[in-house]
Amino acid sequence: MKKAFFVIMAVVLVAMFTGCGLLVSDASVARSNLETAEQNFQVYRRVVFYNGITGEYILSIEGKLAIIVDSDGDLVVTVKTDDGQYLKHYLGLSDNVTYFSEALSPNNVSTRQYKVIFKPSVIIPTIEVK
């Protein structure tokens, strides 16, 4: 019964990630797995903010970081420090300021299987009593 559940879940997840297509390229699987690793602080990379008018770098952040664009269009960079703590940076983008992100070392991801991470700790809330 347990095995059947996991097989069904695997089929559902593959269908979700592939858009129910049977032909999936190695590149799309690797890209998806890299994005999962990046958002889980497993990839050491650098993000650089660049002023297109002056040609100068404004800011560079390097480390194990996750990048998202929030609803206001600001870039949110969350960095995991070596001691397991987190720093969060908000950076506004404009018509003359852009950014690029680069991985600073290769990452070993599968091109044949999707990477799925279940985090039970997210389901159970942390309750603080003051």
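No experiment lies behind these values; they were computed from the predicted model shown.
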Tyr86-Phe41 aromatic ring centre distance below 6.0 Å: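 Centroid separation for Tyr86 and Phe41: below 6.0 Å.
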[X] side-chain N/O to [Y] backbone N/O, donor-acceptor pair under 3.5 Å:
| X | Y | answer |
| --- | --- | --- |
| Asn40 | Gln42 | no |
| Ser32 | Val29 | no |
| Asp72 | Asp74 | no |
| Arg45 | Leu65 | yes |

Determine, using the 4.5 Å side-chain heavy-atom cutoff (strictly less than), whether [X] and [Y] are members of one ILVMFWY cluster.
| X | Y | value |
| --- | --- | --- |
| Tyr90 | Ile68 | yes |
| Phe49 | Ile67 | yes |
| Phe100 | Ile53 | no |
| Val76 | Leu87 | no |
| Val79 | Leu91 | yes |

Ring geometry between Tyr57 and Tyr50 (parallel below 30°, tilted from 30 to 60°, perpendicular above 60°): perpendicular
Heavy-atom pair of closest approach, residues Val97 and Gly92: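 In this case the closest contact between Val97 and Gly92 is CG1-O, 4.4 Å.
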Counterpart residues, ring-ring contact (aromatic ring centres under 6.0 Å, His included), relative to Tyr44 (two or more places apart):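 Counting only residues at least two positions away or on another chain, Tyr44 forms no ring-ring contact (aromatic ring centres under 6.0 Å, His included).
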Chi angles and distances behind the side-chain contact (heavy atoms from CB on, under 4.5 Å) call for Arg46, Ser60: CA-CA 7 Å; Arg46 172 176 38 217; Ser60 175; 3.5 Å; yes
Steps toward side-chain contact (heavy atoms from CB on, under 4.5 Å) verdict (Thr98, Leu93): CA-CA 6 Å; Thr98 189; Leu93 300 176; 5.9 Å; no
Rounded to the nearest 0.5 Å, what's the gap from [atom1] on [X] to [atom2] on [Y]? Could you check?
| X | Y | atom1 | atom2 | result |
| --- | --- | --- | --- | --- |
| Ser101 | Ile61 | OG | CD1 | 10.0 Å |
| Leu34 | Gln39 | CG | CD | 11.5 Å |
| Leu59 | Tyr99 | CG | OH | 13.5 Å |

side-chain contact (heavy atoms from CB on, under 4.5 Å) evaluation trace for Val43 with Lys64: CA-CA 6 Å; Val43 177; Lys64 292 185 177 180; over 6 Å; no
